[in-house]
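These notes are about the structure you will find just below.
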Amino acid sequence: MRIDVLTLFPGMFAGPMGESIIGKAREKDLLEMNVSNFRDYSDNKHHTVDDYPYGGGAGMLLKAQPIFDNLAAIEQATPTTKKRVILLDPAGKKFDQKMAEEFSQEEHLIFICGHYEGYDERIRTLVTDEVSLGDYVLTGGELGAMVMIDATVRLLPEVLGNETSAQTDSHSTGLLEHPQYTRPADFRGLAVPEVLLNGNHKLIEEWRLKESLRRTYTRRPDMLAKLELTPEMKKLLAEIKSELSQETDSDEA
C-alpha cells in the first residue's frame, strides 16, 4: 500500500509514523508513505495557502490551487495506481472500524489535512471521501489522519505478528473484546478465571464469547442493537441478563 499525506506540518508525522507497527510495516516494504507540504506547491511568491472567503465571514480558507497542484504531482508520480482521496473534515462521515477495513483494501490512499476555517469548496471535487474522527474540532487534520492511518495499516496482511489479532479486536467482530489475562494465575489475590486454566478449548471459547457479550451489553448496548445474534449468542445474552438482574437484587437487599 502507498499512503500520501498533504499537510502544512509534515514534521508532525516524522516521529509517530516511523514507530511501532507502522514503522515495522515500512521496514518490511508493506507500506510506502510520503508526506508533502502543500505550501511548496503555492504559486504565490509569498507561498501563502489561505485567503479570505468571498462574501465575508470569520477566518481564512485553504486555497484550491496548492491542493490541486500537489495532487497533480502525486498523480504524475503514480499514474497507474487507483487512488482514494480522503479529506479530513469535521462535517465528514465519522470514521469507524468498518471504514478502516475498507481503506486497508485500497492500493493508494491520500489524506488531505486541513487547517484554518475550512476549504475552498472546489477542493471537494477532487476527493472520494470526507471523513471526521469524531464530533469535535481539532486544530488541524493531522492527528485525525494519523489515527486513521494507524487503524488502517495494522489491518494489512503480514503487518501484525499474529494474523488473528486484527480479526478478533474490539469492533472488528461487532463486539467488545473479552477480558484477557497473563501470568501469574494469582496476582495479589486477583485470580484468573478457572475456565482459562483447564485446557478445554470449547469451554474457553464459550466463556470468551459470553464475556464479550457481557462487556458489550453493559458498556456499549448500541453495538448489540446493530448485530445479528446467533442462537448461541441469544442464549448467552439471556444468561447474562439474568445474572446481572440477580446481582442488582442482591445489592438492593
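- Transitive grouping of hydrophobic side chains (ILVMFWY, heavy atoms separated by less than 4.5 Å) brings L109 and V147 into a common cluster.
- Cluster membership check: V137 does not share its hydrophobic cluster with M148, using side-chain heavy-atom separations under 4.5 Å among Ile, Leu, Val, Met, Phe, Trp and Tyr.
- Residue-environment remark: CZ (R124) exceeds the threshold of 12 foreign heavy atoms within 6.0 Å.
- To the nearest 0.5 Å, atom OG1 of residue T173 and atom CE of residue M223 are 7.0 Å apart.
- A donor-acceptor pair is defined here as one N or O able to donate and one able to accept, closer than 3.5 Å; such a pair exists between the side chain of Q65 and the backbone of D43.
- Side chains of V131 and D89 form no contact here, defined as non-hydrogen atoms less than 4.5 Å apart.
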| request: Apply the test side chain to side chain contact (heavy atoms under 4.5 Å, CB included) to residues T152 and I3: give CA-CA distance (whole Å), side-chain angles for both, the deciding distance (0.1 Å), then the verdict. | output: CA-CA 11 Å; T152 298; I3 293 179; 5.6 Å; no

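- Here the closest non-hydrogen pair linking G141 and L88 is O-CG, 3.7 Å.
- The heavy-atom pair separating D135 from K94 by the smallest distance is OD2-NZ, 3.3 Å.
- In this structure, P157 and L30 approach most closely via the heavy-atom pair O-CD1, 4.0 Å.
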| message | Under the criterion side chain to side chain contact (heavy atoms under 4.5 Å, CB included), I'd like the reasoning laid out for L71 against K83: C-alpha separation, chi angles, the key distance, then a yes or no. | response | CA-CA 11 Å; L71 287 174; K83 301 169 180 64; over 6 Å; no

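- Listed here is the closest heavy atom pair of G144 and L133: CA-CD2, 3.8 Å.
- Transitive grouping of hydrophobic side chains (ILVMFWY, heavy atoms separated by less than 4.5 Å) keeps L196 and F187 in distinct clusters.
- Closest approach of S42 and V49 over heavy atoms only: CB-CG1, 4.4 Å.
- T78 is listed as a side-chain neighbour of R2, based on a closest heavy-atom distance under 4.5 Å.
- For the pair L244 and E247, the minimum side-chain heavy-atom distance is below 4.5 Å.
- For the atom pair CG (L224) and OG1 (T216), the distance works out to 5.5 Å, reported to the nearest 0.5 Å.
- For the pair K93/D129, no side-chain contact is recorded, criterion being any heavy-atom separation below 4.5 Å from C-beta on.
- If you run salt bridge (charged side-chain N to carboxylate O under 4.0 Å, His left out) between K210 and each of E205, E232, E243, only E243 comes through.
- The shortest distance between side-chain heavy atoms of I74 and N34 does not fall below 4.5 Å.
- Rounded to the nearest 0.5 Å, atoms CG (L197) and CG (D186) are 10.5 Å apart.
- The distance from atom CG of L87 to atom CD1 of I110, rounded to the nearest 0.5 Å, is 12.0 Å.
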| said: Apply side chain to side chain contact (heavy atoms under 4.5 Å, CB included) to residues I112 and L62 and explain how you reach the verdict. | reply: CA-CA 11 Å; I112 303 175; L62 284 177; 5.9 Å; no

| message | What verdict does the salt bridge (Lys or Arg N to Asp or Glu O under 4.0 Å) test give for E211 and R215, after you've listed the backbone C-alpha separation in whole Å, the side-chain angles of each residue and the deciding distance to 0.1 Å? | response | CA-CA 6 Å; E211 294 310 308; R215 182 164 283 182; over 6 Å; no

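- Here the side chains of V195 and N200 are not in contact, with every heavy-atom distance at 4.5 Å or above.
- Atoms NZ and OG1, from K241 and T218 in turn, are 12.5 Å apart once rounded to the nearest 0.5 Å.
- At a threshold of 4.0 Å, the pair K98-D96 does not count as salt-bridged, since none of the basic side-chain nitrogens sits closer than that to a carboxylate oxygen.
- Ring geometry for F111 versus F103: interplanar angle over 60°, hence perpendicular rather than tilted (30 to 60°).
- Taken together through direct or relayed side-chain contacts under 4.5 Å among Ile, Leu, Val, Met, Phe, Trp and Tyr, L175 and L237 form part of one hydrophobic cluster.
- Checked by atom type and distance alone, the side chain of S212 pairs as donor or acceptor with a backbone atom of H178 at under 3.5 Å.
- Put simply, NE2 on H115 and CZ on F9 are 4.0 Å apart, with the number rounded to the nearest 0.5 Å.
- Looking at heavy atoms from C-beta onward, R208 lies in side-chain contact with I204 at the 4.5 angstrom threshold.
- The backbone N or O of G114 lies less than 3.5 Å from a partner atom in the side chain of Y119, making a donor-acceptor pair.
- Within a 6.0 Å sphere centred on NZ of K234, other residues, nucleotides and ligands contribute 12 heavy atoms or fewer.
- Side-chain atoms of T128 come within 3.5 Å of backbone atoms of V85 as a donor-acceptor pair (strictly under, hydrogens ignored).
- When E102, E107, E130 are each tested for a salt bridge (charged side-chain N to carboxylate O under 4.0 Å, His left out) with R84, only one passes: E102.
- In K24, the NZ atom is not crowded: 12 or fewer heavy atoms of neighbouring residues, nucleotides or ligands sit closer than 6.0 Å.
- Cluster annotation: L8 and L61 are assigned to distinct hydrophobic clusters (Ile/Leu/Val/Met/Phe/Trp/Tyr, side-chain heavy-atom contacts under 4.5 Å, transitive).
- Side-chain atoms of E194 and N198 form no donor-acceptor pair, as typed in the model, at a separation below 3.5 Å.
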| task | Determine, stepwise, if the pair M33 / I149 fulfils side chain to side chain contact (heavy atoms under 4.5 Å, CB included). | result | CA-CA 10 Å; M33 187 163 174; I149 291 168; 3.8 Å; yes

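- Counting heavy atoms from C-beta outward, M12 and L143 have side chains that approach closer than 4.5 Å.
- Residues in residues 19-71 take part in no ring-ring contact (aromatic ring centres under 6.0 Å, His included) pair, two or more places apart or across chains.
- Of all heavy-atom pairs spanning R214 and I240, the tightest one is N-CD1, 3.5 Å.
- Without hydrogens or angle criteria, S245 side chain to S242 main chain gives no donor-acceptor distance under 3.5 Å.
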